[in-house]
Structure formats: C-alpha cells, structure tokens
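All remarks here apply to the structure that follows.
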Protein chains: 2
Amino acid sequence: MSLKYAILGLLDQEPHYGYEIKQKFEHMMGDLWPVSYGQLYPTLRKLAEDDLVTMKTVQGKKAVEKNVYSITGTGSSFFSSWLLNQKKKVQISIKDEFTLSLFFLDRMDKYEAQDMLRTKLQELHEKQRKYADEYKLYTDNTPRYKKALTRKMLLHLDAEQKWIEELLQAL
Amino acid sequence: MSLKYAILGLLDQEPHYGYEIKQKFEHMMGDLWPVSYGQLYPTLRKLAEDDLVTMKTVQGKKAVEKNVYSITGTGSSFFSSWLLNQKKKVQISIKDEFTLSLFFLDRMDKYEAQDMLRTKLQELHEKQRKYADEYKLYTDNTPRYKKALTRKMLLHLDAEQKWIEELLQAL
DNA sequence: CACAACATGTAAGATGTTACATGATTGA
DNA sequence: TCAATCATGTAACATCTTACATGTTGTG
C-alpha cells in the first residue's frame, strides 16, 4: 500500500501526531483502508531515521505525551516526486486468492463449480448493496475523496460480478 | 498472493520440482502473475517444514539434481478446505498508490489535476489495447484459465477507466 | 565456444497483519 | 468506578521483491 506516502501527504499539510494520523486517515477511508498501530508507529520511526520527517515530543493534557511529526524539506520533495509519478504507472492487480482458486475449478465437478460461482455472486451482491447504501447516505459534507473511493469500490465490484457471470455462462 | 496455495494446488495433481512449478504457473498466468525464485524456494522449504509436502532429490540428466515435491495427506486436506472457503469471502482491494495519490488531488491546481487524470486515462487505454490484442490471439488451445484471467484484467481496466472519467467530469 | 535455458538456492529489505503490553483521561 | 477513548509502542509472523551466487546442459 505504502502507508509511507499517506503519512508524508498528511504531514505535507501540517504536523500531526501518530494517533491523529490514524484517525484522519480512517475517517477518510472508512473501512476501505484500515491502518494498524503495528504498522503506523514503525513506519513513523523509519521515516524519521531516513530524515523525511522530524519528531518532537509535546505535552498534551496533563501527563499525556504526544509525538508530533513534521515533514522535512527532503521529505516534501520526496513526496512531490512520488505524487507526480503516479500518473505514469497502471497498477491493476488481479492477484487474489479467489482468482487463484478458479485455477482449480476444472477439478471440481460441474455442479460444485456452479455452486461456488453462484455463492460468490451472492456475496458480491451483498457487498454491493452495502456500499451502494453507504453511497446514498453521503451528503455535501462528505469528503470528496470518500465518495470517490466508494464509487471506485462499486465499479470494481461490478466488474468482478460481470466476470463471474461470464464464467458461469461458459460452464 | 499466497503462492503457497498455488503450489499445493499443482502438487495436488502430481509431484513437481521447483523450476517446473514456476514454468507451469507462469505459462498459465502470462505476465499477470510472476513468481520469483526468491519466493518460490523458501516457500517450498516452509511447506516441507510444516509437513504439507515432502521433498525427494532425484537424479535428472547426468549431474543435474531436481528436488521433487509431493503433497502429503495433511497438505491435501489443507488445500481442499482453503479451496472450499474461497467462495465465502469477497476481497476486492482498492488500496493502490494511484488511488492514494488522488487523496491529494485537492492540493493541485485544476489544470494539473486534469492533466494527471488524462495521462492516467491514456496509460489505461494503452494497457487495455495490449490485453485486448492478446485476448484476440487466444485459440482453442489456450488454457481456459489464461483467457479468464485476461478477461478479468480487461473488465477491471474498464472499471478503472470509467472511474477516472467520472472524476475528470466532476472537476 | 558462447549463450540460452535448466536447476537451486541465499540475503536483505519492504510491507503488512495480529496479538500483546502499558498507561492516562473522560464521561456515564 | 468502570468503560470508552486517547496515546504509544513491541514481537512474531507472513508475504513478496530484488539482487546476488553457483553450476549444468543443449544449441548454433
């Protein structure tokens, strides 16, 4: 995924502390892009080691300490060049476990295979309903990016569904 | 990805040696799913440690030794239960670097953002042409799975394209 | 003879998940 | 007071990529 770039992008606007980065990120992403502390804090440390960010411990309320991170000049230009390069690469990945499992579809008997694909279609429909409902609830206040993400999910769910329907017909 | 399951699936049909697994897999997958030796051999060792496969060194032509792997009973049932479970999970992931970069679209000026999306669209069209051409070349001898994979790629490229077109219109 | 293809690996690092561990503050 | 939320981390493991290292065999 590269949480690294997400962090740099947030810090490129203003300094943040770790917990806050997780909150902000997940607020934007909903359940589509979770971040674990087990990845967040080591990544922040690594970024500091590489001099892309600096860390400063500040006193919060009473005895609570926060580690506030700021982006450095190096970090900022590193982020910018990454951002500019994104338009040049197409990185659609279709390497998932379900796709792999279809590799072995020939070994099932016809009805078992059909059942598998039909069950999958149902699961896809369910997900689709879920995200479509979520999408309808969005208002003008919903961040533009969150809407776009959900829309992307819906379009790719459509694609997956269409693919499986084609496979089912071919059986 | 879980190369692990791909290996078990191949071995569930008949024993194979490492090099052969890579050849077979990539013959099926084309460039859509490459496998490196740096992952293959350690994975085979791990599977042997976990008693999901057994290894036997056989003499090939002259001085060439091959390590032939066979699936065990444990391995076979482990694979089967994995296979059965695939229909239950929907794992569409939209967590890629480009999607992340759009998170920061608001910080670009309008024309820069439009340029970014248009460049991306061109790249997508190019990829699409490439896979569409490949798809047309497939014959009755082409493994069913390879066709399905390319078709899946084309459908998801469509989805991605549509998404970006929508974003461009919204700008 | 040179080069492609066959055959097997290791080492280092990137990236991510899950589970564990600790402690303060706020609100019901 | 008890639970939720705030706040920071570590350890173990899983997965994968890239680069390096070694040697044989077949073909033009």
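Below, read A as the first sequence line, B as the second, and so on, with proteins coming before strands; counting in each chain starts at 1.
- Under a 3.5 Å cut-off, the side chain of Trp163(A) and the backbone N or O of Ala148(B) do form a donor-acceptor pair.
- Rounded to whole Å, the distance from OH on Tyr5(B) to P on dA14(D) is 11 Å.
- An OP1 or OP2 oxygen of dT17(C) is reached within less than 4.0 angstrom by a side-chain nitrogen or oxygen of Gln39(A).
- Remark on DNA chain D: of its neighbouring residues Lys66(A) and Gly38(A), the 5'-side contact belongs to Lys66(A), judged by nearest-heavy-atom nucleotide.
- Between Leu44(A) atom CG and dT15(C) atom C1' there is a gap of 15 Å when expressed in whole angstrom units.
- A donor-acceptor pair is defined here as one N or O able to donate and one able to accept, closer than 3.5 Å; no such pair exists between the side chain of Lys162(B) and the backbone of Lys152(A).
- Backbone-only engagement by Gly18(A) is indicated by non-hydrogen atom pairs under 4.0 Å involving sugar-phosphate atoms exclusively.
- Rounded to whole Å, the distance from CD on Gln91(B) to P on dT17(C) is 11 Å.
- Residue Lys22(B) places none of its side-chain N or O atoms closer than 4.0 Å to OP1 or OP2 of dG9(C).
- Contact annotation: Tyr37(B) side-chain N/O to dG9(C) OP1/OP2 distance is not under 4.0 Å.
- Atom C1' of nucleotide dT8(C) and atom CD of Glu65(B) are separated by 10 Å, given to the nearest angstrom.
- Atom CG of Asp50(B) is separated from atom P of dT15(D) by 10 Å (rounded to the nearest Å).
- Between Ser2(B) and the phosphate of dA14(D), there is no side-chain N or O to OP1/OP2 separation shorter than 4.0 Å.
- Contact annotation: Tyr17(A) side-chain N/O to dT8(D) OP1/OP2 distance is not under 4.0 Å.
- Counted by atom type alone, Thr54(B) and Tyr69(B) present zero donor-acceptor pairs between their side chains at under 3.5 Å.
- For Tyr19(B), no side-chain nitrogen or oxygen approaches OP1 or OP2 of dT8(C) to under 4.0 Å.
- Other residues, nucleotides and ligands contribute over 12 non-hydrogen atoms within 6.0 Å of the CD atom of Glu165(B).
- For the pair Arg45(A) and dT10(D), the criterion of a side-chain N or O lying under 4.0 Å from OP1 or OP2 is met.
- Heavy atoms of Glu20(A) sit nowhere under 4.0 angstrom from any nucleic acid atom.
- Straight-line distance from the CG atom of Leu40(A) to the C1' atom of dT18(C): 15 Å, rounded to whole Å.
- A heavy-atom distance below 4.5 Å is found between the side chains of Arg151(A) and Leu155(A).
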